[in-house]
Amino acid sequence: MKTILTGIRVNSEPTLGNFLGALLPMTRLANKYSKQGDIVNIFIPDLHTIISDVDGDITEGVIREIKYYLAAGLEPNENIHIYRQSYVPAHSELNWILNCVATMGETSRMIQYKEKSEGKDSCNVAIFDYPILMAADILLYDATYVPVGEDQFQHLELTRNLAERFNNKYGEVFVLPAKTADQAKFMETANAETAESEHVDADGRAVGIRIRDLQDPTKKMSKSSKAENSKIMMSDNPEAVAKKIMSAQTDSLGKISFDMFNQPGISNLLQIEALITGQPLQTVIGTWAGETHYGDLKKKVAESVSTFLGEFQAKVAEISDEEVLRLLEAGEKYANEVAGKKLLEVQKAVGLRK
């Protein structure tokens, strides 16, 4: 039995890219591995969320996010635990204790911190310290696998270093998460096992999904983009979807083919069509290979996305706030028991408790 842990911030509504690239794959992974007897912790990192400005009410965002998981097909069972970070005080206390183990040097070398603080006279302390809180999120639950993007691998290595340093000084308290190479291998295997449509690289390996910006397909679709036509939101209506997709940037080659380097816009539309309809990517590519009318492809993708979102939004509307709150209450009871036990071990190890 292993523990798999993941968290998704709720600072704003997710885009179609967030849904297809993170939420839906995690839902499928959770269903599969929890039924095999593994523990799957899906936590809402609301403490991380307030590092930056929040779009809307946090509590409403939490409820919405969990409804999206359920509408995506999450099947709650005794091995899936959903909880809010701030409702488990052990996260904050272990954060402080790990601060006493971490060094300024290693934390200041974090790429995310460098990028977020670059060019600024000052930034809030949380931007500097959040990798330590992330380490606490992981170590409290003896998590082996933490599905994250490659931009977070450095933080996983920091987590391992802090756990190892603590264990060397105070005794074997923490279970180290898997090394980043093993994390990547796990995600590759999980993607291949749980995907409903093929998404492979040139060597036939399963890869993470990255839906592109509709106006600049060299970038990933981002909910922080100020260009409304660059992103499809999960609450968009058919008219909005059609407008955004019909205005999507393509190219002047005049031939439909899947080539992320030379035709990223067209390739992005083909990828979206495959993922939304559940078809293998190669099947969609074959259907459109050699066609020259980009407008026809855009219309088809707009229709597919509109149909999908309409059905998805109907499922979300059927889920009550009370159902979500019951899941949270059960998950937070579990999380407080597990995290509290681990925190007590830590407190005893450093001499805070007898």
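Each residue takes its place number in the sequence, starting with 1.
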Next on the checklist: Donor-acceptor pair, distance only, cut-off 3.5 Å: does the side chain of Asn268 make one with the backbone of Pro217?
Outcome noted: no

Checklist entry - Would a 4.5 Å heavy-atom cut-off, applied to side chains only, mark Leu275 and Ile211 as touching? => result yes

Checklist entry - If you round to the nearest 0.5 Å, how far is OH of Tyr145 from OG1 of Thr6? => result 15.0 Å

Check residues 319-329 and write down every donor-acceptor pair under 3.5 Å in which the side-chain atom is one partner and the other belongs to a residue at least two apart or another chain.
unit_1 : atom_1 : unit_2 : atom_2 : d
Ser320 : OG     : Glu323 : N      : 3.1
Asp321 : OD1    : Lys67  : NZ     : 2.7

Next on the checklist: For Tyr141 and Phe43, I'd like to know if the aromatic rings sit close, meaning centre-to-centre distance below 6.0 Å.
Outcome noted: no

Item to check | Cluster check Met104, Ile97: I/L/V/M/F/W/Y, side chain < 4.5 angstrom | outcome: yes

Item to check | Heavy-atom check, side chain of Ser108 versus side chain of Thr103, under 4.5 Å | outcome: no

Item to check | Atom of Leu23, atom of Ala72 and distance for their closest heavy-atom approach | outcome: CD2-CB, 3.9 Å

Checklist entry - More than 12 heavy atoms of other residues, nucleotides or ligands under 6.0 Å from CZ of Phe186: is that the case? => result yes

Next on the checklist: Determine whether a donor-acceptor pair (N or O, by modelled atom type, separation under 3.5 Å) exists between the side chain of Asn237 and the backbone of Ala240.
Outcome noted: yes

Only pairs under 3.5 Å count here: list side-chain donor-acceptor contacts from residues 342-354, not counting sequence neighbours, and write none if there are none.
unit_1 : atom_1 : unit_2 : atom_2 : d
Lys342 : NZ     : Asp142 : OD1    : 3.1
Lys342 : NZ     : Val173 : O      : 2.8
Gln347 : NE2    : Glu93  : OE2    : 2.8

Checklist outcome for this item: Closest non-hydrogen atoms of Lys255 and Gly290, given as atom of the first, atom of the second and distance, are CE-CA, 4.1 Å

Checklist outcome for this item: Closest heavy-atom pair, Leu5 versus Tyr83, reported as atoms and distance to 0.1 Å, is CD1-OH, 3.8 Å

Next on the checklist: Under a 3.5 Å distance rule, please check whether Gln112 uses its side chain to pair with a backbone N or O of Gln154 as donor and acceptor.
Outcome noted: no

Item to check | Partner residues of Lys300 under the salt bridge (Lys or Arg N to Asp or Glu O under 4.0 Å) criterion, sequence neighbours left out | outcome: Glu273

Checklist outcome for this item: Heavy-atom nearest pair, Ala339 first then Val88, reads CB-CG1, 3.8 Å

Checklist entry - Quick one: does Gln282's side chain get under 4.5 Å of Phe258's, heavy atoms only? => result no

Checklist entry - What salt bridge (Lys or Arg N to Asp or Glu O under 4.0 Å) pairs are there with at least one residue in residues 310-320, not counting sequence neighbours? => result none

Checklist entry - What's the spacing between Met26 CE and Asn31 CG if we round to 0.5 Å? => result 9.5 Å

Checklist entry - Taking the side chain from Asn124 and the backbone from Ile51, do they hold a donor-acceptor pair closer than 3.5 Å? => result yes

Next on the checklist: I'd like to know if Phe312 and Ile66 are part of one continuous hydrophobic network [Ile/Leu/Val/Met/Phe/Trp/Tyr, side-chain heavy atoms within less than 4.5 Å].
Outcome noted: yes

Next on the checklist: How close do Asp259 and Ser267 get, counting heavy atoms only, and between which atoms?
Outcome noted: N-OG, 2.7 Å

Item to check | same_hphob_cluster(Val305, Val316) at 4.5 Å side-chain heavy-atom cutoff | outcome: yes

Checklist entry - Shared ILVMFWY cluster between Ile266 and Ile232, side chains joined below 4.5 angstrom? => result yes

Item to check | Remaining members of the apolar cluster that contains Leu133, side-chain heavy atoms under 4.5 Å | outcome: Leu47

Checklist outcome for this item: Distance col, row Leu176:CG vs Ile138:CD1, nearest 0.5 angstrom, shows 11.0 Å

Item to check | Polar side-chain atom of Lys244 near backbone of Leu214 as donor-acceptor pair, under 3.5 Å | outcome: no

Item to check | Leu16 and Val241: CA distance, side-chain angles, deciding distance, side chain to side chain contact (heavy atoms under 4.5 Å, CB included) verdict | outcome: CA-CA 11 Å; Leu16 183 66; Val241 170; over 6 Å; no

Checklist entry - Considering the options Val40, Ile39, Asp38, which one meets the side chain to side chain contact (heavy atoms under 4.5 Å, CB included) requirement together with Asn79? => result Ile39

Item to check | Pro131 vs Thr159 side-chain heavy atoms within contact, under 4.5 Å | outcome: no

Checklist entry - Roughly how far apart are Ile272 CD1 and Met221 CE, rounded to 0.5 Å? => result 5.0 Å

Checklist entry - Can Met234 and Leu309 be said to form a side chain to side chain contact (heavy atoms under 4.5 Å, CB included), step by step? => result CA-CA 7 Å; Met234 294 302 292; Leu309 287 181; 3.8 Å; yes

Next on the checklist: Within the structure provided, determine whether Leu70 and Pro76 are in side-chain contact (heavy-atom separation under 4.5 Å).
Outcome noted: yes

Checklist entry - Step by step, would you call Ile80 with Tyr69 a side chain to side chain contact (heavy atoms under 4.5 Å, CB included)? => result CA-CA 12 Å; Ile80 294 178; Tyr69 271 107; over 6 Å; no

Checklist entry - Would you say the side-chain atoms of Gln263 pair up with the backbone N or O of Ile256, donor to acceptor, closer than 3.5 Å? => result no

Checklist entry - At what distance, to the nearest 0.5 angstrom, does CZ of Arg84 lie from NE2 of His91? => result 12.5 Å

Next on the checklist: Measuring only between side-chain heavy atoms, which start at C-beta, is Gln183 closer than 4.5 Å to Gln152?
Outcome noted: no

Next on the checklist: Would you compute the distance between atom CD of Glu172 and atom CG of Asn167 and round it to the nearest 0.5 angstrom?
Outcome noted: 4.5 Å

Next on the checklist: Side chains of Asp251 and Tyr294 only: does a donor on one sit below 3.5 Å from an acceptor on the other?
Outcome noted: yes

Checklist entry - Looking at Val10 and Gly61, what are the two nearest heavy atoms and their distance? => result CG1-O, 3.8 Å

Checklist entry - Thr49 and Val62: side chain to side chain contact (heavy atoms under 4.5 Å, CB included), yes or no, with the steps? => result CA-CA 11 Å; Thr49 296; Val62 169; over 6 Å; no

Item to check | Side chains of Asp46 and Ile50 in contact at under 4.5 Å (non-hydrogen atoms) | outcome: no

Checklist entry - Run the ring pair (Phe, Tyr, Trp, His ring centres under 6.0 Å) check on Tyr130 and Tyr113 step by step: do they pass? => result CA-CA 9 Å; Tyr130 93 86; Tyr113 166 68; 9.6 Å; no

Checklist entry - Mind checking whether Leu139 and Met1 sit in one hydrophobic cluster, side chains of I, L, V, M, F, W, Y counted as touching below 4.5 Å? => result yes

Item to check | Exercise: do Thr15 and Asn18 side chains pair donor with acceptor under 3.5 Å | outcome: yes

Checklist entry - Is the shortest side-chain N to carboxylate O distance from Lys223 to Glu13 below 4.0 Å? => result no

Item to check | Expected output: side-chain Asp236 to main-chain Met233 donor-acceptor under 3.5 Å | outcome: yes

Checklist entry - According to the interplanar angle, ranging from 0 to 90°, do the rings of Tyr170 and Phe166 count as parallel (below 30°), tilted (30 to 60°) or perpendicular (above 60°)? => result tilted

Next on the checklist: Tell me if a side-chain donor or acceptor on Glu291 pairs with a main-chain N or O of Trp288 at a distance below 3.5 Å.
Outcome noted: no

Checklist entry - Given side chains that start at C-beta, do those of Ser247 and Lys298 come closer than 4.5 Å, heavy atoms only? => result no

Next on the checklist: If the condition is salt bridge (Lys or Arg N to Asp or Glu O under 4.0 Å), which residues does Arg160 pass it with, not counting sequence neighbours?
Outcome noted: none

